[in-house]
Amino acid sequence: MALTHKTPMLDELEKGHWPSFISDIKQIAERKPACDDLLGVMEKSYEDKEGHWKHGGIVGVLGYGGGVIGRYCDRPDLFPNVAHFHTLRVNQPASKFYSTEHLRKVCDMWEKHGSGLTNMHGSTGDIILLGTTTDELEPTFYELTHTLNMDLGGSGSNLRTPSCCLGKARCEWSCLDTQDITYNLTQEYQDELHRPMFPYKFKFKTSGCPNDCVAAIARADCSIIGTWRDDIRIDQEAVRAYAAGELVPNAGSHGTEPRPLDIQKEVIDLCPTKCMAWDGKNLKIWNEECTRCMHCINVMPRALRPGTDVGATILCGAKAPILEGAQLSSVIIPFMRMESPYDEFKEFVEKMWDWWMELGRNRERLGELIQRLGLREFLKAVELEPDPRMINTPRYNPYIFYAREDVPGGWEIDAKAYRERHQP
Amino acid sequence: MAFDPNDLMKDRITDIGPPHFEQFFPPIIKENYGKWIYHEILEPGVLVHVSETGAEVYTVRTGGCRLMSVDMIREICDIADKHCGGYVRWTTRNNVEFMVDSKDKLQPLIDDLKSRKFPAGSNKFPIGGTGAGITNIVHTQGWLHCHTPAIDASGIVKSVLDELYDDFCSMRLPAQVRISLACCLNMCGAVHCSDIAILGVHRKPPFVEHERVSKVCEIPLAIAACPTAAIKPAKVEGMKSVVVNNDRCMFCGNCYTMCPAMPLANAEGDGVALWVGGKVSNARCAPKFSKLAVPYIPNEPPRWPTVVKDIKKIVEVYASDANKYERIGEWIERIGWERFFERTELEFRHEHIDDYRLAMTTWRTTTQFKW
């Protein structure tokens, strides 16, 4: 089938070395009219410098409040095959490993019910199935659950699909079983994931170590980041081998040829707390001063490893700009042991959600509520004691909200006794 | 057990969650779960991970388009079936990773990946994205599928990665450079902590379609959605509607998200802002936000030459100037912002000086600066 629309601007995007999404769409457009029209809409957007998709409206599958995002073209007169072009979010397996047997079933299902286009993956982590019509939503969902043993992910004001780094599956640094945490939380909170009940979206992301490969600290309302409390494990033989140029520094990140590692310059001088020393034979670490930034471990992965007293730092409140500006997560629980079934963590989560659901305004993220009402109020709500690890610096403004009960005698003053001591 | 459109409750399955991750692990990953002791990059895009059991897994990381058809996924499956025992994985940055359990399976896999091209000539599976180079640009939907974008996404990413292709396939930079794109301030891609962020921006306030407002919007929600309280209820020609105080608008588009009768996308108004110096890793210094480098570049489809040129310039100056291990943000903090603008020859304009909430925390409160 010849393609319907002339796309001279998009054709420019077939040139160059990087994979061309246009070339990919063109191949499938030969048998999928929706993809053919999608190219037409895209070319029109490139001409107009404006998008041509409308607001979603309410579409979904029975009993779910999320997982489907309605999408309609604003020029169905020109592009009737994408008049409806809805998206389904499908909850991905933790850390995105697949068997080809399973992936092929996903492809067959989407070939049958949708445009055949996907995002592998969306920013939150889900498999995104791009482009279907309203009457295909229920049959797709039926096949998704019955044939693929898969479920929809989150969209709207609910728990979004939790995601994680690849953790212990293929990383030597993971202090957490990130996949198990993610799977466990996802299963536990299916209702919160599928039925909007929050003021706005809520994201969990889990990283196995402070390198934070899923950007949990920047993107999650609740960021779970692996860490340790004991000493960095040292293999002094291997440290000497790095110094002698027998091992490739930084795991080969700066080139794969072996070279002598200048341990003073590349490790010790870059240590943020200067808690290390090297005498040419042995590496000394004053672990009580270490803030576990990972730099030395990253540079000498065969010599240094995280400790074995492992758990997570729990941080809250990260988000992108809408509405109140971008925020990073703040430390709420400096250390929590994370062992299945994660009851202690879930107790914290439920207290946190209760507070946010009671006090949060429409479209107010947790981090914005914490900012509006104060970290102290949040700590009270989740029943935690303050800790210097939660702050960069104590306050430098003197305006402290003391509560009535903080002051002996409360706020009642005997005016008469006062005036006996002071003339007006 | 076939689908019955007249009885949706028949055999209905809900809330089963995702498939368990373990069933998709290649045997070598399953057998060595939690037992890995170190890894090394053997060449750009090729990793080996070594287990305490002595097992080794070799990974070939290839760049991929986030947008991919089922044909492309089937081709990935063909490769994984042929070389990798039928398993494959995606990274959080939209790369595809092929794994083999012995070194002798590595070269045939690499050769196969390198041989595959689209009919028009682009590579289907560029190998790279490791170490001190540029990894895949994560991005949002843009004009291809989103209703609020100020820019396209996949097309800009393609244009930038064509220019930076060699830095995807090599590791010559001082440290890794993570580039991200979000097509509007909603930042579905949360690009606010990237070494280089490409952000779609609107610059014209929403116009109000008074005759539609009361039909398609909940007016109190539209009013409450505005972070600067620029929207007020009003009766316009007898219709319940809203008015916008345009001078208070900072073009976030939040009102349009709540009320489709307040569009703000516009060919003349919209374009690209570039941000630099963010990171999420805790290595050496704390995570950082990206800061504004270029306030506005007009939309220039199809190849976005100014965006490409400015990003290339930032990368080149950084490559020649920064110390080993310094991320872009660490490098800029060492040399100072005055030097950053001088060396990149990017214009410093009034838009670079923050005038929103907490702006004062970004102003200079020391006499320590450079001439």
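Just so it is clear, the values below take in all heavy atoms, side chains as well, and ignore hydrogens, waters and symmetry mates. Naming: A, B, ... by sequence-line order, numbering from 1 per chain.
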Evaluate A:His254 against B:Ile41 for side chain to side chain contact (heavy atoms under 4.5 Å, CB included), listing each step before the verdict.
CA-CA 9 Å; A:His254 285 99; B:Ile41 301 168; over 6 Å; no
Going through the checks in order, is the side-chain hydrogen bond (donor to acceptor under 3.5 Å, both in side chains) test met by B:Ser281 and A:Asp212?
CA-CA 5 Å; B:Ser281 153; A:Asp212 195 4; over 6 Å; no
Carefully, step by step, assess B:Glu22 and A:Tyr183 under the rule side-chain hydrogen bond (donor to acceptor under 3.5 Å, both in side chains).
CA-CA 10 Å; B:Glu22 204 180 76; A:Tyr183 183 76; over 6 Å; no
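For the pair B:Ser122 (side chain) and A:Gly16 (backbone), a donor-acceptor distance under 3.5 Å is absent. Put simply, the side chain of B:Arg12 gets close to the backbone of A:Leu62: a donor and an acceptor are under 3.5 Å apart. A:Gln187 contributes a side-chain N or O that, together with a main-chain N or O of B:Ile16, makes up a donor-acceptor pair within less than 3.5 Å. Looking only at distances, a side-chain donor or acceptor of B:Asp162 sits under 3.5 Å from a matching main-chain atom of A:Trp18. Checked by atom type and distance alone, the side chain of A:Thr186 never pairs as donor or acceptor with a backbone atom of B:Gly17 at under 3.5 Å.
In this structure, the portion of B:His139 lying under 4.5 Å from any heavy atom of chain A is its backbone and not its side chain. Residue contact with chain A, scored on non-hydrogen atoms closer than 4.5 Å, is absent for B:Pro263. Only the side chain of A:Ile25 comes within contact range of chain B, with at least one heavy atom under 4.5 Å from a heavy atom of that chain. Only the side chain of B:Arg178 comes within contact range of chain A, with at least one heavy atom under 4.5 Å from a heavy atom of that chain. Only the side chain of B:Gln141 comes within less than 4.5 Å of a heavy atom of chain A; its backbone N, CA, C and O stay farther away. With a 4.5 angstrom heavy-atom cutoff, A:Phe141 touches chain B only via side-chain atoms. The contact between A:Glu266 and chain B is made by backbone and side chain atoms together, counting heavy-atom distances below 4.5 Å. At a 4.5 Å heavy-atom cutoff, the contact between B:Asp78 and chain A is made by backbone and side-chain atoms alike. Neither the backbone nor the side chain of B:Ile151 comes within contact range of chain A, judged by heavy atoms closer than 4.5 Å. Interface residue B:Leu67: backbone and side-chain heavy atoms are both found under 4.5 Å from chain A. Proximity to chain A involves both the backbone and the side chain of B:Asn186, based on heavy atoms less than 4.5 angstrom apart. Residue contact with chain A, scored on non-hydrogen atoms closer than 4.5 Å, involves the side chain of B:His192 exclusively. Contacts of B:Val57 with chain A are made by side-chain atoms alone, with heavy-atom separations under 4.5 Å and no backbone atom involved. No part of B:Ser180 comes within reach of chain A, as not one of its non-hydrogen atoms sits under 4.5 angstrom from that chain. With a threshold of 4.5 angstrom between heavy atoms, A:Asp48 approaches chain B through N, CA, C or O but not through any side-chain atom. Contact of B:Cys252 with chain A is made through backbone and side chain together, with heavy-atom distances under 4.5 Å. Contacts of B:Arg357 with chain A are made by side-chain atoms alone, with heavy-atom separations under 4.5 Å and no backbone atom involved. For A:Val299, the part lying near chain B is the side chain, with the backbone staying farther off; criterion is any non-hydrogen pair under 4.5 Å.
Qualifying side chain to side chain donor-acceptor pair (under 3.5 Å) partners for B:Asn94, counting only residues two or more places apart in sequence or in other chains: none. Scanning for ring-ring contact (aromatic ring centres under 6.0 Å, His included) contacts around B:Tyr87 gives an empty result, with sequence neighbours left out.
Note: A:Glu172 CD to B:His49 NE2 = 5.5 Å, rounded to the nearest 0.5 Å. The distance from the CG atom of A:Asn119 to the CH2 atom of B:Trp90 is 12.0 Å, given to the nearest 0.5 Å. The distance from atom NZ of A:Lys54 to atom NE2 of B:His147, rounded to the nearest 0.5 Å, is 12.5 Å. Atom CD of A:Gln190 and atom OG1 of B:Thr14 lie 8.5 Å apart (nearest 0.5 Å). Taking OG1 of A:Thr291 as the start and CG of B:Asn282 as the end, the distance is 8.5 Å to the nearest 0.5 Å. Distance check: B:Ser154 OG to A:Leu13 CG gives 9.0 Å after rounding to the nearest 0.5 Å.
In this structure the side chain of A:Asp108 reaches within 4.5 angstrom of the side chain of B:Arg74, judged on heavy atoms. Side-chain contact between A:Met150 and B:Pro18 is absent, with no heavy-atom pair separated by less than 4.5 Å. With contacts defined as side-chain heavy-atom distances shorter than 4.5 Å, the pair B:Phe3/A:Glu138 qualifies. With contacts defined as side-chain heavy-atom distances shorter than 4.5 Å, the pair A:Ser253/B:Thr130 does not qualify. No side-chain heavy atom of A:Phe97 sits less than 4.5 Å from a side-chain heavy atom of B:Phe21. Side-chain contact between B:Asn299 and A:Glu50 is absent, with no heavy-atom pair separated by less than 4.5 Å. Side-chain contact between B:Glu97 and A:Arg170 is present, with heavy atoms from C-beta onward closer than 4.5 Å. No side-chain heavy atom of A:Val41 sits under 4.5 Å from any side-chain heavy atom of B:His145.
Chosen from A:Gln92, A:His194, A:Met294, the residue pairing most often with chain B at heavy-atom distances under 4.5 Å is A:His194. When each of A:Gly255, A:Pro301, A:Ser23 is checked for heavy-atom pairs under 4.5 Å with chain B, A:Ser23 comes out on top. In terms of non-hydrogen atom pairs under 4.5 Å with chain B, the most contact-rich of A:Leu270, A:Asp151, A:Asn362 is A:Asp151. Across A:Asp74, A:Ile22, A:Ile225, A:Thr256, the residue that shares the most heavy-atom pairs under 4.5 angstrom with chain B is A:Thr256. When each of A:Leu152, A:Asp180, A:Ile297 is checked for heavy-atom pairs under 4.5 Å with chain B, A:Asp180 comes out on top. Residue with the most contacts toward chain B among A:Ala251, A:Ala320, A:Pro93: A:Ala251 (heavy-atom pairs, distance under 4.5 Å).
Under a 4.0 Å N-O distance rule, the pair A:Glu12/B:Lys158 does not qualify as a salt bridge. Here A:Arg195 pairs with B:Asp15 in a salt bridge; the nearest charged N to carboxylate O distance falls below 4.0 Å. Between B:Asp71 and A:Lys32, none of the side-chain N atoms (NZ, or NE/NH1/NH2) sits under 4.0 Å from a carboxylate O, so this pair counts as no salt bridge. Under a 4.0 Å N-O distance rule, the pair A:Lys49/B:Glu300 does not qualify as a salt bridge. Ion pairing of B:Glu40 with A:Arg302 is present here, as a side-chain N (NZ or NE/NH1/NH2) and a carboxylate O approach within less than 4.0 Å.
A:Tyr142 and B:Asp4 form no side-chain donor-acceptor contact under 3.5 Å, judged by distance and modelled atom types alone.
Ring pair A:Tyr98/B:Phe24 is tilted by interplanar angle, where 30° to 60° counts as tilted. Between A:His17 and B:Tyr165, the ring planes lie tilted relative to each other; the angle falls in the 30° to 60° range.
Annotation: A:Glu101, atom CD; neighbour count of heavy atoms from other residues, nucleotides and ligands within 6.0 Å does not exceed 12.
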